[in-house]
Amino acid sequence: MRKGEGQLQLCPTPAFQGFDCVKFTANGRIQAQQVGFEIVQQALQMRGQRPLCLRGLGTGGEGLAIGKELAPQRLPIGRAGGGSRAGWRHANNGFLDTMTKRSKSVYGWVLWAWLVAPGLVATAPPVLAQSGDQTILEAREALRKKDRNRLAAARAAAQADRHPLAQWVDYWELNNRLGSAQQDEIDAFYARWSGTYVEDRLRNDWLLELGHRRDWKNFAADYPRFRMNDDREVSCYALLTEHLAGKDVREAARDAWAAQRDADEGCALMASTLFEARQFVAADVWRKARIAADANRPRAVRQAVGLLPRADASGLDAALDQPTRYLVRTAGLHGRNHPEMATLALIRVAANDPDVAAGLLVSRWERDLPADLAAWAWAAAGRQAALKLSSEAPKYFQRAAQLALKSGKTGIDWPHEMLAWKARASLRNTGTPRWPQVLQAISAMSPAEQRDPSWVYWRARALQAIADGTDTPEGEAQKAQAKELMASIAGQLHFYGTLAAEDLGLKVALPPRPAGPSAAERDAAARNPGLARALLLIAIGLRNEGVREWNFTLRGMNDRELLAAAQLACDVEVWDRCINTSDRTRGEIDIVQRFPTPFLKDVLSRTQDIGLDPAYVYGLIRQESRFVMDARSGVGASGLMQVMPATAKWTAKKIGMDYSPDLLTDRDANIRLGTAYLKLVLDDFAGSQPLAAAAYNAGPGRSRRWREGPVLEAAIWAENIPFNETRDYVKKVLSNATFYAALLGNGEVPSLKSRLGRPVGPREAGAGSVDRELP
């Protein structure tokens with residue numbers, strides 16, 4: 001210890017029975033923390049790396065304490081979900097209250113994570129002084145700036161300090177100069193950090209580099225050890241190496257290329273190599289181009305068509321950049337390339353105005369194009385019309401299906417998104433679903449896509465509706481299949497699982513809670529190096545890195561291990577990892593872990609004051625921020641309830657609250673502003689929870705536009721929300737709220753259908769004026 005900053009002694013005090021203790025004094029909280037970290041390092045060395053309890057008392061009486069009982073089963077850690085941790089807090093002099101509030105100090109988490117993991121301390125005693133963590137943060141900043149010298153210095157410092165995150169600095173330093181690295185240097189890194197996330201992360205980066213270098217020998221040797229295997233470009237390189245080794249990869253390569261979101265070197269090289277080898281043909285190229293055009297990815301279109309001879313690709317720029325002009329000027333069509341180019345132009349026209357594309361098809365192009373291409377163009381117009389919630393969309397899709405049948409080709413070979421919007425448009429129609437079209441669209445999806453709960457549910461509804469009123473053997477078989485499909489997802493903890501259960505006449509029932517993690521299971525989670533590193537990364541503000549480390553570590557865990565890992569996150573209030581980890585269990589489901597209720601007293605008090613359903617608020621917060629208080633979206637929304645600054649300022653004025661920007665990350669202020677705004681939105685939409693949730697996520701103006709048109713069953717309206725994020729958001733908020741209602745236990749049987757409420761349609765006459773000021 002440094003002279004004058006504190007005194008060290010062992011303190012077997014009654015308050016810490018069963019602990020080894022170190023007691024010290026310091027002149028303030030930060031100084032106490034710094035001294036505490038030094039004590040941890042030295043005392044662990046003195047005591048043979050035995051777990052310690054620390055207490056620090058500053059001049060203001062603030063406490064710094066942490067401990068681990070010598071008999072782990074006696075550790076009084078409470079449950080997640082707002083349960084009391086009074087015993088733990090009392091025994092530890094307010095440690096969790098003081099140290100797990102990230103807005104005040106991150107070091108409580110850091111110290112906690114390492115002290116409760118003696119297995120980690122045994123292998124790498126941490127130096128957790130503030131300067132040590134600053135080294136990590138400086139290294140991350142140096143990586144952002146591509147500063148080789150600073151990264152090298154930070155790497156040396158982190159390794160000299162034996163910092164538990166030294167491997168991350170090592171990864172950043174090597175990754176920053178990967179273009180000049182050699183295989184032996186990479187192999188040495190793999191050996192240093194074997195089995196860790198950074199080893200596999202570097203392998204991902206190195207495989208991309210090897211593909212770029214065309215070093216197929218080293219690529220083939222390294223690829224089988226790639227555990228994440230979640231990089232599509234790496235997958236394309238891998239398929240290419242298999243092709244070069246003489247294997248038939250055409251079908252897998254075709255699927256991988258079609259699924260490629262945008263142009264990249266790996267998939268482009270794979271495609272060009274297979275095209276030159278005549279494994280890919282012109283039809284594959286044009287199909288890829290149509291898929292990319294429909295997804296509005298012109299760069300990928302150009303990359304695909306660029307594989308063809310220059311003469312075949314002539315006119316592409318005009319077709320993509322000035323599609324209407326191209327179609328008007330194009331005279332007769334010959335061969336296959338000109339019709340394909342015209343189809344790309346029609347897809348581009350449809351993206352701007354589907355009705356104009358439909359007019360062009362009717363006036364000429366349906367006749368001039370081959371039936372399969374005319375079908376695709378009509379489907380593209382249908383998809384864009386569906387996104388605009390146009391009543392013309394089902395007609396366009398129906399014409400597309402008729403032409404596809406006329407083409408003589410087996411099945412409908414359209415992208416999933418096109419088929420999904422055919423199903424949605426057929427559900428919406430003019431207020432009366434076209435159930436045969438719904439069934440036709442879902443049946444054309446791939447087997448994997450058909451297994452998605454949303455399409456299982458709507459397929460069951462379509463079969464039931466088609467069979468209703470019939471007593472034929474075929475009708476009875478359809479009814480039986482519908483019931484079987486509903487039963488296959490009923491009770492699953494999501495929107496369609498709950499709807500399916502209610503359609504079958506079942507009440508919402510929460511699964512019985514499994515036994516909590518045992519002392520041994522908790523101890524194993526606490527000793528897990530990857531989980532501890534993840535908590536440390538999150539604690540010092542590197543949340544993205546921490547989340548990746550955490551998720552990588554969860555791979556292969558069984559339900560009991562996942563529950564223990566989730567509880568570890570719950571106990572230190574890293575709620576997003578608590579929830580997401582608990583969500584992974586399949587056989588043993590701890591509903592309290594999955595749907596925790598932090599700040600319960602504050603939320604209940606606030607919602608009671610303004611007449612808001614607390615279950616709805618919790619359902620929204622769980623989806624918005626996962627209870628991460630400093631969460632910030634890409635568009636600037638902040639805090640627990642993800643309130644936009646302008647919205648917060650407007651709401652504060654509306655409710656007579658003094659406002660300053662820093663209030664957005666204050667827990668109590670964020671709850672107050674978020675709930676006040678949500679109440680105003682609900683009132684403007686006459687209490688409709690689906691409309692209000694959509695408005696909260698995408699803005700009241702969009703929610704108002706989306707309700708125009710036919711009157712729809714609320715579930716059908718939600719499924720037709722044009723924004724992917726908002727569609728998913730509304731469904732999850734409402735299903736979350738249903739489960740929270742069951743947990744909070746207001747005496748009523750929770751019902752998702754009751755939350756969906758009445759059919760959604762235009763604002764009713766006499767419903768009052770629209771609040772145009774509502775942001």
- Give every residue pair that meets the salt bridge (Lys or Arg N to Asp or Glu O under 4.0 Å) criterion with at least one member in residues 693-708, sequence neighbours excluded. D684-R704
- In short, salt bridge (Lys or Arg N to Asp or Glu O under 4.0 Å) pairs touching residues 598-609 with sequence neighbours left out are D602-R667
Could you list the donor-acceptor pairs under 3.5 angstrom formed by side chains in residues 733-744, with sequence neighbours left out?
| residue | atom | partner | partner atom | Å |
| --- | --- | --- | --- | --- |
| S735 | OG | K731 | O | 3.1 |
| S735 | OG | K732 | O | 3.2 |
| N736 | OD1 | R622 | NH1 | 3.3 |
| N736 | ND2 | G619 | O | 3.2 |
| N736 | ND2 | K732 | O | 3.1 |
| T738 | OG1 | L734 | O | 2.9 |
| Y740 | OH | P596 | O | 2.7 |

- Message: For A534, give me all partners under side-chain contact (heavy atoms from CB on, under 4.5 Å), at least two apart in sequence or on another chain.
- Response: E549, W550
- With sequence neighbours left out, what residues match R758 under salt bridge (charged side-chain N to carboxylate O under 4.0 Å, His left out)? E764
- Task: Kindly write out the residues that satisfy salt bridge (charged side-chain N to carboxylate O under 4.0 Å, His left out) with R626, not counting sequence neighbours, or none if the list is empty.
- Result: none
Identify each donor-acceptor pair in which a side-chain atom of residues 765-775 lies under 3.5 Å from a protein atom, sequence neighbours left out, and give them as a table.
| residue | atom | partner | partner atom | Å |
| --- | --- | --- | --- | --- |
| D771 | OD1 | E773 | N | 3.2 |

Please name all residues satisfying ring pair (Phe, Tyr, Trp, His ring centres under 6.0 Å) with [X], sequence neighbours left out, ordered by chain then number.
| X | result |
| --- | --- |
| Y659 | none |
| Y197 | W168, F552 |
| W650 | none |

- Message: Tell me which pairs pass ring-ring contact (aromatic ring centres under 6.0 Å, His included) where either residue lies in residues 711-730, with sequence neighbours left out.
- Response: W706-F723
- Message: Considering only residues two or more places apart or on different chains, which pairs with a residue in residues 670-705 satisfy ring-ring contact (aromatic ring centres under 6.0 Å, His included)?
- Response: Y677-Y696
